[in-house]
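Working notes, structure below.
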Amino acid sequence: MALVGGIPGILAAGSGSLCGMSPFSRHMSSLPLSHIRLTDPFWSRWQRTMVQNGLLAQYDQLVKTDRLKNFERVAAGETGGFEGYRFNDSDVYKWLEACAYSFGNGSLEPSADLKTKVDHTIGVVACAQMPDGYLNTFFQLMHPELRWRNLSMMHEMYCGGHLIEGGVAFFDATGDRRLLDVAIKFADHVDSRFGPGKRRSYCGHEEIELALLKLAKATGERKYRDLALWMVEERGKRPSPYLDEMIDEESIKLAPYMEKMLCKDGEYVGEYLQDHAPIREHTEVVGHAVRAMYLYIAAAELAMDMDDAALSDALTRTWRNLTHRRMYVTGGIGPSGDNEGFTFDYDLPNLSAYAETCASIGLVFWAHKMLEATGESEYADTMERALYNGALAGISLDTSRFFYDNPLESRGRHARSPWFGCACCPPNIARLIGNVGHYAVGVKDRCLLIHIPVGFEATMELGGVKTKVRAVSDYPWSGDFTLYIDPERPVDGEVRFRIPDWADDVETDIPGLEREAEFESGYIVVRKRWEPGDIAKFKIEMKPRWVAANPRVKDDLGRVCLAFGPLVYAAEEHDLGFEPQLFAADLDIDVAVESATMLEGIQALAVSGVRDGLEFADQLYAEVDDVQIQEAAAKFIPYYAWNNRGANHMQVWIRRL
Ligand SMILES: [Zn+2]
């Protein structure tokens, strides 16, 4: 057994390139969906439940709320009577994308019922597309003469971006190109209207940029990549194309609130939709959080393809601002409901935290792109934080109810909902869960990278040799991870295993290893000749730990947060028998780990402390000396699992004794 110690020093050394600001390059890619299947109890349960329950429940909502009907009516040549928000088409596309991943990830054979519903939906979408490639049921039904009249607020390209992502996902996962063909026709339509020498504008809600980059990869057509690059680079330059929209009567009628969203003291600023400065001048995250994430995903992908230090510098700077000053311990981002986004440094209120589910999902995606671009583990650390906490809290354990906003404290009024008028979050978390393998494991040439130690089975080319890999894991409950590597013939290769930022020690046990494992970029690097039937064991030390916040985060002063492995924990009234706000933890007494049969097999943590007395039966105030406290025990559960037993009080940042 080799014991790995001194992790902080290793991490600091490994992070050197961040200060050197070297341009991004592609350090790895992901395995195709059909080549990796998740097998650990944690993720396989989420993925199975999504196929059995969640995707069907979401389809029912698409029908019930007339989202599908909007397409059916366009396909039937009807006009007028659009139902819902102008961007509702995107929910249909994102649901299709989630279905594509679930069809391809091998978790469970989808039912004939689900397949029929998907078939029907793709057919209706295709029939609704106009001969010139345009597709947006709001404009087709309500304002066919006002297409592309207001790009800042009307989300036509945003919806189209999700169509493209859905089309690419379906093609990748199943080989079915019906939706991809619709997407290509739409993208060609956009390309015919916008770009150099054509109209200069871009969507107020970023999304199509990252989607066009996926389309360029899927089709090999460089023009989609060039259009995405142009949109990313034009954004923030002056004059903003939205100034014309703000004086166009028809455009104002479409979105009368436009000025309020985009101006400050009567002057255009554009921060809300990241139109405040050219991308290479960005220094901090501003405005709507989901939009910001989607922009930076595209920008990071582009930075990988270009020798462009200014772009990678800007992304690194902005990332630092986000993760060092504006991110909740859960990986939630965007504290304010006013702009669904960012405010100022260290402003992280708990009770009123907006922290939209989609924003944490966007952070997972951006973190993954930054990881691809640098190979540095700090991006995987944040990806894991947002995935297991901020994003996963957005969905109930049975996959049928959702949070839009994810506060870190509740006084009993916050509850998940089966759907929303603006329902971006439900299909977004569905597509993330269906595609977790994409984020957890990477490959490059002779290298297998374990970013998150999930259990999986995969087939891959390792140094040109077909290799089967099986990983056995009970993460996030255990840090024991065993890799079975089975190349068809011996091959020189390396395994990179991330050392989580929260781990003190990682042990390795790799029979036949001639030289000691090395450390690079926050990963243990095992280089050897891999023989058929080889085994590599890793053991991350996992124990409960108390976390403090930077004192500039005023809302967390005098408070601590309990964590175990990648999970942030919360105290819920349901387990305490009283409101957790009354509880103060005694950090000198060890926290005990308890297996629990509730909440789909979580591990609970038992904490000792005190609770405030209840001598205030019929009065608001009393002398301090008259107030009694009493010893109390509190059971904590993972934050993602809270609110699965009804609405009740909850707290992440707990008072300390
Ligand atoms: Zn959302």
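Position 1 is the first residue of the sequence; numbering continues from there. First listed ligand is number 1; within each ligand, the first listed atom is number 1.
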Atom name, Glu356 (N, O or S, nearest to the Zn ion (ligand 1)):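 Of all N, O or S atoms belonging to Glu356, OE2 is the one nearest the Zn ion (ligand 1).
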Geometry at the Zn ion (ligand 1) - Cys358 SG versus Cys424 SG angle, rounded to 10 degrees: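 With the Zn ion (ligand 1) as the vertex, SG (Cys424) and SG (Cys358) sit 110° apart.
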Metal proximity, Cys422 vs the Zn ion (ligand 1), N/O/S cut-off 2.8 Å: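 Short answer: no, not a single N, O or S atom is under the cut-off.
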Ring centres under 6.0 angstrom apart (Tyr639, Tyr328):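 Not close enough - the centres of the two rings lie 6.0 Å or further apart.
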Glu72 with Lys69: basic N within carboxylate O range, under 4.0 Å: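 Looking at Glu72 and Lys69, the cut-off is not met.
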Nearest-0.5 Å distance, CE of residue Met153 to OH of residue Tyr272: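 Answer for the CE-OH pair, Met153 versus Tyr272, is 6.0 Å.
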Residue from Lys94, Arg431, Lys217 passing salt bridge (Lys or Arg N to Asp or Glu O under 4.0 Å) with Glu165: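 Result: among Lys94, Arg431, Lys217, Arg431 is the only option passing the salt bridge (Lys or Arg N to Asp or Glu O under 4.0 Å) with Glu165.
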